[in-house]
Protein chains: 2
Amino acid sequence: MDVDARKLRILQAIVEDYILSNTPVGSRTLSKTCGLGVSSATIRNEMADLTEMGYLVQPHVSAGRVPSAKAYRLYVTQLRPRGMDEQEIERARKAFSGRVRDIESVISQGASAISDLTHYTALVLTPRQSDLKVRSLHLIPVASDRALLVIVTDSGVIRDTSIRVSSRLDASALYTIGQMLTHRMQGLTLRQVREMLYGYAANSDADARVLGGIADLAAQMEKQTESDRVMVGGAHNILYYPEYADVTTARAFMNALEDKSSLISLLRRTENGIGVMIGAETGIEAFRDCSVITAPYRVGRGHTGAIAIVGPTRMPYARMMDMMSMFSQELTGALSYKE
Amino acid sequence: MDVDARKLRILQAIVEDYILSNTPVGSRTLSKTCGLGVSSATIRNEMADLTEMGYLVQPHVSAGRVPSAKAYRLYVTQLRPRGMDEQEIERARKAFSGRVRDIESVISQGASAISDLTHYTALVLTPRQSDLKVRSLHLIPVASDRALLVIVTDSGVIRDTSIRVSSRLDASALYTIGQMLTHRMQGLTLRQVREMLYGYAANSDADARVLGGIADLAAQMEKQTESDRVMVGGAHNILYYPEYADVTTARAFMNALEDKSSLISLLRRTENGIGVMIGAETGIEAFRDCSVITAPYRVGRGHTGAIAIVGPTRMPYARMMDMMSMFSQELTGALSYKE
DNA sequence: GTTAGCACTCGCTCGCAATGAGTGCTAACA
DNA sequence: TGTTAGCACTCATTGCGAGCGAGTGCTAAC
């Protein structure tokens, strides 16, 4: 038995009805809304077939049908119903670009901007930074025994860390040391710089005596650069969906958002275009009834991060995919400095 | 009718029982637990008095009593039952100081550290920074037409912003400009610096031609420094309290957390020591059944921020006040650089 | 002032019947 | 062979009333 055109049409009508209503769809209403001009009995026959094929589920025998994950999958891959019109997109684009301008605001604002505009929970993955190449290093005096170390990389991305320094060093001495460090480390990756710092700390040569707390610094760099970082925004949006009216369910969802490492591995799977993971495809138990829409963004050349929204599988996919696609473009545009 | 010692003792027992059980407290259980050695009938008489005086509320006539906000207020101000012992405090202190080291981590980590350790929702108010005095300014080349402006203030607090600059300027030119700016602006407040930048942008004198996007920068500084900023952490903790098992209530709570300006005015009321606001005292409708415990922290000299936790009025006040007091000390310690 | 006793209140739970939306099946129809 | 009307059947949901029990207020005795 295959899914012919009529079955597809019925399935589409069911999915779209369910997305709006969140109640099982019955054959009678369907015969009126799907526009095929056939009676409810015919629809019933088709629905029985679709149920047998695993596209539909009935909560209980005398209820209507609910689309399964398989149905959403078919819906997303085979059908491309109305997304957002130009006006809507443009309005959202403006709202978004007003809030996210540079890499810092992506990290601090990105997730909440996306969640505000989509009304879903948003995730932002910052790209792993240990492969970035160092362009220059700078030491800026902050207090008598503290300096700010600023690392500029080839993507314009900046890592800054406050470190302890010998109190004998004044501003110009620190500037000179910065120049020296730049000279020595230019072109190396952040990972190599880190290894070098570990080396200094261990060997305690001239530079190690000048800079205190180098091991600390290297460790902190490792933490900040080696693992991707993920930001969550708008977690409370989930409370607006009746699927999560039960506190236990909502709690499980929120807890899943706390487990950063699983979110990171979820977002690492982001590929070039817009990605959609439905239900179990997410690989996260608490997201069994959720869908995740992912999109990549580029920082500088080649280093990619990812954004995502998470919400009930009952989601206006086309609209949200349009949204995410737009965010992806906007971010990449905002973050690519001209060289 | 006044609150004599026995009434106080009974009230205390009710509050503490209710904090643990979250169920109305009856006279029978109370006669056993309060340790007065009187019968339930006697307790009932006293409870009737306390109800009349507004310290107790009965949800319905055949239920036990529930402490009112007035009761919690009396409990907090007059009674000081067991807080945390030294060991507990010490363990929490370690966990906290491991996560919050400098002003940046207070902003990014503070709220979630506090919420993790208390299991309540945490708020962190960063101090207004426009009164800080500038110590030095630095320009660091990031890309051909971008530089990082770092402002070091007398509290060691750093404001950094990415700005557009003329592409004709190389690293050493930017360094020189930084020195010049430092020379000119040292000792001024951030507010004065901002005004000066606005002036440059308007008059378009020599320096304005050198630096592009000055007005942008000034506006951004204004936004970042003029208004206090507030961070929220662990909002989902509220879902663990049965008082918020209803999604509508939880949603109202979460929405209140989105209204930053009312949170700011809540936290601005923080005074020198640990503050406790109970129910309507918070002035926020959604926090009518919540209590807020606030504590100040100092950054450098004199500039104060505030931390707070928000949770159901049924809260182990003494323990939480101990906690907040410790956080306050730790933060102030971690953020006061030696001069 | 304290306590035992007792009638009373009222939220909560459980079982039961009525309701109604929706199904599957069958037989007739085009 | 596909479509449709008709009909018996299922089952979640709702409303209702009885029974339960925790807890109270009051009264009378200590």
Side-chain angles (χ1 to χ4, degrees), chain A residues 1-11 13-15 17-18 20-68 71 242-243 245-246, chain B residues 1-11 13-15 17-18 20-68 71 242-243 245-246:
Chain A
M1 188 159 38
D2 68 331
V3 184
D4 59 18
R6 192 169 72 177
K7 282 196 173 56
L8 212 57
R9 180 117 174 228
I10 290 172
L11 195 59
I14 292 175
V15 168
D17 189 307
Y18 187 74
L20 288 178
S21 70
N22 192 34
T23 44
V25 188
S27 57
R28 235 184 84 83
T29 41
L30 209 54
S31 77
K32 278 181 280 183
T33 59
C34 80
L36 283 171
V38 292
S39 80
S40 64
T42 310
I43 303 279
R44 273 205 291 282
N45 287 330
E46 298 284 35
M47 282 166 88
D49 291 349
L50 286 168
T51 307
E52 201 181 323
M53 288 187 274
Y55 290 108
L56 297 177
V57 172
Q58 23 187 357
H60 54 88
V61 72
S62 77
R65 303 303 213 283
V66 168
S68 69
E243 286 89 335
D246 177 36
Chain B
M1 190 157 38
D2 68 330
V3 184
D4 58 19
R6 194 171 71 178
K7 281 196 174 56
L8 212 56
R9 180 119 173 226
I10 290 172
L11 196 59
I14 292 175
V15 168
D17 188 308
Y18 188 74
L20 288 178
S21 70
N22 192 34
T23 43
V25 188
S27 58
R28 237 184 82 83
T29 41
L30 209 56
S31 78
K32 280 180 280 182
T33 59
C34 80
L36 283 170
V38 293
S39 80
S40 63
T42 311
I43 303 279
R44 274 205 290 282
N45 288 330
E46 298 284 34
M47 282 167 87
D49 291 348
L50 286 168
T51 307
E52 201 181 325
M53 287 188 273
Y55 291 107
L56 296 178
V57 171
Q58 15 183 199
H60 54 88
V61 71
S62 76
R65 302 305 212 283
V66 169
S68 69
E243 287 90 334
D246 177 36

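In this text the structure is predicted, and so the values were computed from the model without any measurement. Letters go in sequence order (proteins before strands), and every chain restarts at 1.
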How many whole angstroms separate atom CG of L30(A) from atom P of dA21(C)?
17 Å
Round to the nearest Å and state the distance from L50(A) atom CG to dG24(C) atom C1'.
16 Å
Closest to the S62(B) side chain: dT2(C), dC11(D), dC10(C)?
dC10(C)
Tell me: CG of D49(A) to P of dC25(C), nearest whole Å?
12 Å
Would you mind telling me which of E46(A), Q58(A), R65(A) makes a side chain to side chain donor-acceptor pair (under 3.5 Å) with T51(A)?
R65(A)
Nearest-angstrom distance from the residue atom CG of D17(A) to C1' of dG22(C)
14 Å
Considering only heavy atoms and no angle criterion, is a donor-acceptor pair shorter than 3.5 Å present between the side chain of R44(B) and the base of dG25(D)?
yes
From CD of Q58(A) over to C1' of dA21(C), roughly how many Å is that when rounded to an integer?
13 Å
Using Watson-Crick or G-U wobble geometry with both distances below 3.5 Å, tell me the partner of dC30(D), or none.
dG1(C)
Using the closest heavy atom to pick a nucleotide of DNA chain C for each, name whichever of V61(B) or V38(B) lands nearer the 5' end.
V38(B)
Report the distance from atom CZ of R28(B) to atom P of dG25(D), rounded to the nearest whole Å.
17 Å
Figure out the CD1/P separation between I10(B) and dT2(C), and round it to whole Å.
10 Å
What's the NZ-P distance between K32(A) and dG22(C), to the nearest Å?
10 Å
State, yes or no, whether a side-chain contact exists between I10(B) and K7(B) at a heavy-atom distance under 4.5 Å.
no
Does the base of dT3(C) carry an N or O that pairs as donor and acceptor with the side chain of S39(B) under 3.5 Å?
no
Is there a side-chain contact between V15(A) and V25(A), using heavy atoms and a 4.5 Å cut-off?
no
Could you tell me the Watson-Crick or G-U partner of dC8(C), where both distances fall under 3.5 Å? Say none if there is no partner.
dG23(D)
Closest listed nucleotide, where the reference is the side chain of H60(B) and the choices are dC10(C), dT4(D), dT3(C)
dC10(C)
Are side-chain heavy atoms of Y55(B) and V3(B) found at a separation under 4.5 Å?
yes
Look at the side-chain N and O atoms of R65(B) and state whether any lies under 4.0 Å from the OP1 or OP2 oxygen of dT24(D).
yes
Touch check for S27(B), heavy atoms < 4.0 angstrom, all strands: base, sugar-phosphate only, or nothing?
sugar-phosphate
Side chain to side chain, T42(B) and S31(B), heavy atoms closer than 4.5 Å
no
